[in-house]
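Both backbone and side-chain heavy atoms feed into the values below; hydrogens, waters and symmetry mates do not.
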Amino acid sequence: MANKGETMAIFNKDSVIIRKSRPEDCEQVYQQGLTMFYLYPKKFDREYTVEDYRRDMFGDTVWAEVYVAVLDTDDDMIIGHTSHSNFYTNNHGRSIFVSALYVEPQYRRNGIAEKLLKNVAKVALESRCVMIQLNCNSANVGAHAFYLKHGFYDWDNIVVMRINQTSMMKLTSE
C-alpha cells in the first residue's frame, strides 16, 4: 500500500470506490481544495477554514454534497473528491453546480475523474436535474478538454460574476 503522495505500482480504476463523504474526511478534502484553488486569485474577505468546511458540509444546513474516491484497500485514504450543490434556473429548471472535482496528481489519468463525474451525473439524474454546470479555469487546459470530452460545452458570452461579503454589506447599506 502506497502512502499518501506516493505513486502506486499497480493500480486500476476498478480498485476505486466512490462514497459519500463523512465528517472524518473533512481535513483531507479541505486540503485537496486548497491544492486545487491555488490558481485562483484571492478576492475574499477572509480565509475559509477546515472548521468552516466541516460546518458547511455537516452542520444544520448542508451547503453541498461531497463524494470521495477511496481505494478499496484503504477507505480512509481519499484520492479525489467532488462537491456539488443544487440550483435552479428559470429557463432550465433543476440543476447541479459542481464546485470541485479533484484527483490527487499521482492518481490522475486512470479514470478516477471520470468515475467521480459519472457519480455526479447519476445523482443529478436521480434528482431529476436537467443540467450540470461547472466553472473551469481557462488555464487548466487538461480539465477543459476532459469536460468537453464528456459532453460539457462552453457557454458563449457567459461571464461568471461574484461579489464578496464586504461588497454585499456595502450594497445592502446603500
Side-chain angles (χ1 to χ4, degrees), residues 1-40 48 50 53-54 56-58 62-89 92-155 160:
M1 180 79 230
N3 293 322
K4 185 173 179 167
E6 294 178 5
T7 302
M8 294 186 62
I10 300 171
F11 175 78
N12 80 47
K13 71 178 177 182
D14 295 330
S15 64
V16 174
I17 297 168
I18 307 300
R19 66 164 169 79
K20 199 159 192 170
S21 182
R22 303 182 295 232
E24 58 268 25
D25 299 331
C26 284
E27 182 66 37
Q28 287 184 73
V29 174
Y30 174 78
Q31 289 301 321
Q32 288 179 348
L34 292 179
T35 301
M36 182 173 48
F37 291 111
Y38 77 94
L39 292 172
Y40 296 93
Y48 187 73
V50 69
Y53 179 83
R54 185 173 285 108
D56 291 347
M57 298 306 118
F58 298 101
V62 176
W63 287 92
E65 281 192 77
V66 178
Y67 286 84
V68 296
V70 297
L71 298 176
D72 61 2
T73 56
D74 187 352
D75 190 49
D76 294 327
M77 189 172 129
I78 297 169
I79 61 173
H81 75 276
T82 57
S83 65
H84 68 268
S85 53
N86 298 329
F87 77 101
Y88 184 86
T89 63
H92 290 101
R94 294 178 185 188
S95 304
I96 281 183
F97 180 80
V98 177
S99 56
L101 192 159
Y102 179 83
V103 175
E104 291 286 350
Q106 67 271 28
Y107 293 98
R108 292 179 186 164
R109 298 200 161 303
N110 285 295
I112 299 167
E114 182 177 47
K115 205 166 184 175
L116 284 161
L117 186 61
K118 283 181 178 182
N119 183 69
V120 172
K122 180 181 172 197
V123 169
L125 290 170
E126 288 171 353
S127 301
R128 298 190 335 243
C129 291
V130 297
M131 178 175 62
I132 298 173
Q133 184 175 324
L134 54 82
N135 296 337
C136 182
N137 188 313
S138 60
N140 192 342
V141 293
H144 198 160
F146 170 80
Y147 293 125
L148 290 171
K149 173 184 166 188
H150 288 88
F152 287 79
Y153 54 91
D154 289 328
W155 273 0
V160 176

Is any side-chain heavy atom of [Y] closer than 4.5 Å to one of [X]?
{"X": "Leu71", "Y": "Val16", "answer": "yes"}
{"X": "Gln32", "Y": "Ile78", "answer": "yes"}
{"X": "Arg19", "Y": "Val68", "answer": "yes"}
{"X": "Asp76", "Y": "Val70", "answer": "no"}
{"X": "Leu116", "Y": "Val103", "answer": "yes"}

- Message: My understanding is that only residues two or more places apart in sequence, or in another chain, count here; which of them pass ring-ring contact (aromatic ring centres under 6.0 Å, His included) with Tyr147?
- Response: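 ring-ring contact (aromatic ring centres under 6.0 Å, His included) list for Tyr147, sorted by chain: Phe152.
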- Message: I'd like to check the ring-ring contact (aromatic ring centres under 6.0 Å, His included) partners of His144; sequence neighbours left out, ordered by chain and number.
- Response: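 Counting only residues at least two positions away or on another chain, His144 forms no ring-ring contact (aromatic ring centres under 6.0 Å, His included).
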Distance check, rounded to the nearest 0.5 Å: [X] atom [atom1] versus [Y] atom [atom2]?
{"X": "Tyr107", "Y": "Ile79", "atom1": "OH", "atom2": "CD1", "value": "6.0 Å"}
{"X": "Asn110", "Y": "Lys115", "atom1": "CG", "atom2": "NZ", "value": "11.5 Å"}
{"X": "Ile132", "Y": "Phe87", "atom1": "CD1", "atom2": "CZ", "value": "10.0 Å"}
{"X": "Glu114", "Y": "Arg109", "atom1": "CD", "atom2": "CZ", "value": "12.5 Å"}
{"X": "Leu125", "Y": "Lys122", "atom1": "CG", "atom2": "NZ", "value": "10.5 Å"}
{"X": "His84", "Y": "Phe97", "atom1": "NE2", "atom2": "CZ", "value": "12.0 Å"}

- Item | Whether His150 side chain and Phe146 backbone form a donor-acceptor pair below 3.5 Å |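 Yes: the side chain of His150 pairs with the backbone of Phe146.
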- Message: Strictly distance-based, threshold 3.5 Å: is any side-chain N or O of Ser95 a donor or acceptor partner for the main-chain N or O of Gly93?
- Response: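 Between the backbone of Gly93 and the side chain of Ser95 there is a qualifying donor-acceptor contact (under 3.5 Å).
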- Check the pair Tyr67, Glu65 against side chain to side chain donor-acceptor pair (under 3.5 Å), reporting the backbone distance first and the verdict last. CA-CA 7 Å; Tyr67 286 84; Glu65 281 192 77; 3.2 Å; yes
Checking [X] now: which residues fulfil salt bridge (Lys or Arg N to Asp or Glu O under 4.0 Å) with it, not counting sequence neighbours?
{"X": "Lys118", "answer": "none"}
{"X": "Arg22", "answer": "Glu24, Asp75"}
{"X": "Arg108", "answer": "none"}
{"X": "Glu27", "answer": "none"}

- Given Cys26 and Phe58, is the side-chain contact (heavy atoms from CB on, under 4.5 Å) satisfied, shown in steps? CA-CA 9 Å; Cys26 284; Phe58 298 101; 3.5 Å; yes
- Nearest heavy-atom pair of Cys136 and Asn140: which atoms, and what distance?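 Nearest pair, atom of Cys136 first, then Asn140: SG-O, 4.1 Å.
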- Item | Pair Val66-Thr82, side-chain contact (heavy atoms from CB on, under 4.5 Å): steps then yes or no | CA-CA 6 Å; Val66 178; Thr82 57; over 6 Å; no
- Arg54/Asp25 salt bridge by N-O under 4.0 Å criterion: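 Here Asp25 does not pair with Arg54 in a salt bridge, since their nearest N and O are not under 4.0 Å apart.
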